[in-house]
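Here is the structure we will look at.
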Amino acid sequence: MHKKGASNIKKIRNIGIIAHIDAGKTTLTERMLYYTGKTHRIGEVHDGQATMDWMAEEQERGITITSAVTTCFWKDVEIHIIDTPGHVDFTIEVERSLRVLDGAIGVFCAVGGVEPQSETVWHQADKYKVPKMAFVNKMDRLGADFWRTVEEMKEKLGANPLVLTMPFGSEDEFKGVFDVINKELITWDEASLGQRFETRPVPDGFVDEMDAAYQDLIERLCDIDDEIMELYLNEEPIDNKMIRNAIRRAVIDLKGVPVFCGSALKNKGVQPLLDGIAQFLPSPMDIPPVKGQNIKTGKEEERLPSHNAPLSALAFKVQMDQGRKMTFVRVYSGRLRASDEVLNPGKNKKERIARILQMHANKRERIQEAGAGSIIALMGLKHTVTGDTLSDPKNPILLEPIDAYQPVISVAVEPKTSRDQDKVDLALSKLAEEDPTFKVKYDEDTGQTIISGMGELHLDVLTHRLLREFNAPVRVGRPQVVFRETITEKGEALGRFDKEIGDARHVAAVSVAVSPRQRGEGNVIRSELKVISGRPQSSSESYSQVSSQFSSDISEGNTMKFADKSSGEEVAELPYGYEDLVLDALRQGLESGVLRGYPVEDVEVILKDAIYEDGLSSEIALRAAASQALRTALQNASPVLLEPMMRLEILTPEEFLGDCIGDINARNGKIKEIQPKGAIQVIRAVCPLQNLFGYSTAIRSLTQGRATFTMAFSHFDEQ
């Protein structure tokens with residue numbers, strides 16, 4: 001019986017299953033749960049019975065949409081598994097999962113090799129420095145090629161593969177795997193659904209192949225591990241324990257990727273992978289301590305993965321459960337107990353934990369406490385959303401948030417009856433709280449509610465969920481591309497505000513300068529104001545407090561004037577916070593451009609000057625003047641529209657190659673590469689998203705249904 005609550009941290013493995021769509025992630029996870037005794041039957045994706053694909057939308061479509069969390073045990077190691085989606089529209093689920101994981105299993109199809117979304121998720125894992133292993137799946141399929149997939153891992157991913165199991169046969173003849181370290185053959189009993197397996201010596205005809213694989217493994221370890229190299233050069237014996245220790249060091253230091261193979265659907269090759277998870281992937285103790293900002297001192301701090309350290313945890317996912325909010329959390333240090341009060345330092349709000357849940361997909365087990373290294377769900381958090389930190393109120397720390405992606409496609413929605421308006425609005429707000437890539441906006445010009453997401457499938461799933469989960473049916477308009485705006489030249493402007501509002505006159509003037517940045521660099525907003533003296537900075541002082549002080553200063557007759565730093569002009573006292581009010585107004589102003597109201601990207605905004613009239617200035621005037629100055633400056637800087645460009649990879653039989661290329665050219669796309677891959681041709685191209693609506697139907701028609709394609713967001717570019 002395993003102890004609930006705070007576990008032995010060294011025995012914990014927090015892992016994710018990541019891959020291209022249809023590589024077999026969920027099928028592999030089902031076998032892992034079955035062989036570890038977590039489930040007593042194997043659920044199949046094609047039957048809609050997979051444990052981890054519990055949503056009705058997932059079961060109907062046969063794909064993973066939301067990342068699901070579960071816990072199982074293998075040889076006294078506690079494994080927390082997150083099964084992530086493979087479809088590009090749900091890439092945020094992968095991003096926020098990888099942010100809190102200590103290890104990842106990349107699943108590759110032995111037929112398709114390293115596919116586009118495999119590259120995307122692999123590089124996402126690289127960004128967070130997540131140690132990885134690889135499982136080459138579908139060795140039983142026609143066209144399976146293990147060694148070609150290993151070569152593609154080197155070429156496309158820059159990985160250093162350490163082959164630990166290799167196939168015994170392939171396609172219809174796939175019978176088992178060779179264990180490279182132990183130099184033995186493993187075969188599975190099909191009648192037991194792969195639970196029973198046996199090991200035996202390598203058959204005579206495969207001894208040379210086994211010796212070559214073992215020698216290659218040792219040589220690769222020599223390149224990355226000093227201990228193995230020294231033993232090898234001195235011709236001293238290297239035992240299996242030394243090899244495993246060296247592999248573990250290589251994985252944790254991101255120098256090597258253990259590679260396993262098998263067929264999850266045919267129940268072969270999974271147990272060696274489970275052994276690899278326990279032996280080679282790090283525990284929370286093996287990775288660098290999490291870092292964050294102490295909000296009291298402003299300095300960076302580390303939190304060690306210890307139950308006795310102050311609490312630090314990151315909320316990485318929000319899910320609505322029968323109308324109630326459930327927040328998934330990774331605990332990095334300290335302990336969480338039911339009924340504890342914790343601090344959300346980013347919002348300066350205290351939260352009360354009602355319940356702590358150990359999750360198994362959509363099933364749950366209530367526990368009383370969770371310690372460092374745990375991945376759990378919390379009930380009762382009102383203010384916490386994806387990317388927020390939870391910490392000990394006495395020792396607050398703010399962890400790095402999770403990157404979110406901007407939506408690229410939008411549709412207009414409206415309730416089917418006017419009586420459903422409030423229901424639809426509430427449901428949309430709950431879905432937006434769940435998913436950071438889903439945005440809801442009310443267009444005042446047209447009176448429409450506009451929802452935006454990562455693709456047609458993303459929005460289709462969400463509109464179906466409105467009816468299924470919230471009983472809020474909607475009519476959906478045609479998909480529209482979400483553009484961006486930017487500028488191509490420099491521009492400056494002075495914004496003045498002078499109006500009677502109520503019984504008071506409000507006056508302010510703000511001067512700003514804008515200039516373009518390189519594509520993809522993002523926005524920068526900075527100030528060049530000269531401040532002679534100011535109120536001591538307080539990180540907890542809110543805009544509302546500043547606004548209140550603003551009114552107080554005005555009533556006391558304080559004159560405020562900001563000046564360009566280069567002028568040397570004397571200025572009056574500038575109380576802390578007023579400059580932040582201007583910068584916040586400029587930041588909000590970039591959310592809506594001057595051409596069509598799309599967000600503005602890759603722009604530098606400099607606050608040059610701001611002047612207030614004694615006794616007349618106010619926050620209203622300040623914000624209005626800043627907004628006016630920014631819009632005029634953007635108009636003076638030759639604004640242009642940016643459209644989303646999509647990365648296409650098309651796999652087609654050679655006889656349809658010319659038709660596919662012609663179609664891409666007709667859609668204003670650009671061919672980047674054409675590469676033969678066995679009997680098919682691989683076309684890689686970039687094409688505007690607005691020209692790709694309905695592309696799946698078009699390519700089926702062009703190729704008699706024999707071509708397949710994948711599409712992922714690439715970048716924004718000028719129309």
Side-chain angles (χ1 to χ4, degrees), residues 20-22 86-91 112-123 152 155-156 405-411 437 452-460 478-486 488 518-520 595-596 598-599 601-602 640-719:
H20 187 88
I21 190 169
D22 203 32
H87 198 285
V88 65
D89 283 15
F90 309 105
T91 192
V114 178
E115 297 168 285
Q117 187 64 3
S118 300
E119 290 186 66
T120 302
V121 297
W122 193 270
H123 294 318
E152 288 188 4
E155 295 167 7
K156 295 185 177 182
Y405 295 84
Q406 293 300 315
V408 297
I409 190 171
S410 65
V411 295
T437 61
S452 305
M454 299 301 294
E456 290 181 87
L457 177 62
H458 186 202
L459 294 181
D460 188 44
R478 291 188 60 177
Q480 302 290 324
V481 173
V482 178
F483 291 87
R484 297 286 185 274
E485 296 184 20
T486 193
T488 56
Q518 290 295 318
R519 196 74 67 243
L595 292 176
R596 296 194 201 168
Y598 292 115
E601 286 197 346
D602 304 329
V640 294
L641 278 179
L642 298 175
E643 65 178 333
M645 306 295 290
M646 307 303 285
R647 188 173 68 247
L648 272 177
E649 182 166 304
I650 304 156
L651 281 70
T652 178
E654 189 166 0
E655 60 260 40
F656 302 112
L657 181 63
D659 292 333
C660 290
I661 292 172
D663 184 64
I664 292 170
N665 291 333
R667 295 172 187 271
N668 202 25
K670 293 180 181 177
I671 306 293
K672 296 293 185 182
E673 183 184 18
I674 300 172
Q675 181 183 26
K677 191 173 186 179
I680 61 172
Q681 297 286 325
V682 180
I683 306 169
R684 295 186 178 91
V686 174
C687 189
L689 173 61
Q690 65 177 341
N691 297 340
L692 289 172
F693 290 132
Y695 185 64
S696 57
T697 303
I699 196 168
R700 279 199 299 270
S701 176
L702 276 175
T703 64
Q704 299 172 16
R706 294 172 63 192
T708 61
F709 78 98
T710 54
M711 180 169 60
F713 172 72
S714 175
H715 63 282
F716 281 97
D717 210 342
E718 287 187 42
Q719 273 191 304

Glu485 side chain to Tyr598 main-chain N or O, any donor-acceptor pair under 3.5 Å? yes
Cation-pi, Tyr695 ring and Arg667 (6.0 angstrom, 45 degrees): no
Between CG on residue Asn668 and SG on residue Cys687, distance to nearest 0.5 Å: 7.0 Å
So do Met646 and Ser714 actually touch side chain to side chain, heavy atoms under 4.5 Å? no
OG1-CG distance between Thr703 and Leu651, expressed to the nearest 0.5 angstrom: 11.0 Å
Give a yes or no on whether Gln518 atom CD has more than 12 heavy-atom contacts from other residues, nucleotides or ligands under 6.0 Å away. no
How long is the straight-line distance from CD1 of Ile683 back to CG of Leu648, given to the nearest 0.5 Å? 9.5 Å
Could you measure the distance from the CZ atom of Arg684 to the CD atom of Gln675? Nearest 0.5 Å is fine. 5.0 Å
Side-chain donor or acceptor of Thr486 paired with backbone N/O of Glu601 under 3.5 Å: yes
Non-hydrogen side-chain atoms of Leu689 and Val482 separated by less than 4.5 Å: no
Taking atom CD of Glu673 as the centre, does the number of heavy atoms from other residues, nucleotides or ligands within less than 6.0 Å exceed 12? yes
Looking at CD1 of Ile650 and CD1 of Ile699, how far apart are the two atoms once the value is rounded to the nearest 0.5 Å? 4.5 Å
So Glu718 and Leu642, do their side chains get closer than 4.5 Å, heavy atoms only? yes
So, does Glu643 use its side chain to make a donor-acceptor pair with the main chain of Pro688 at under 3.5 Å? no
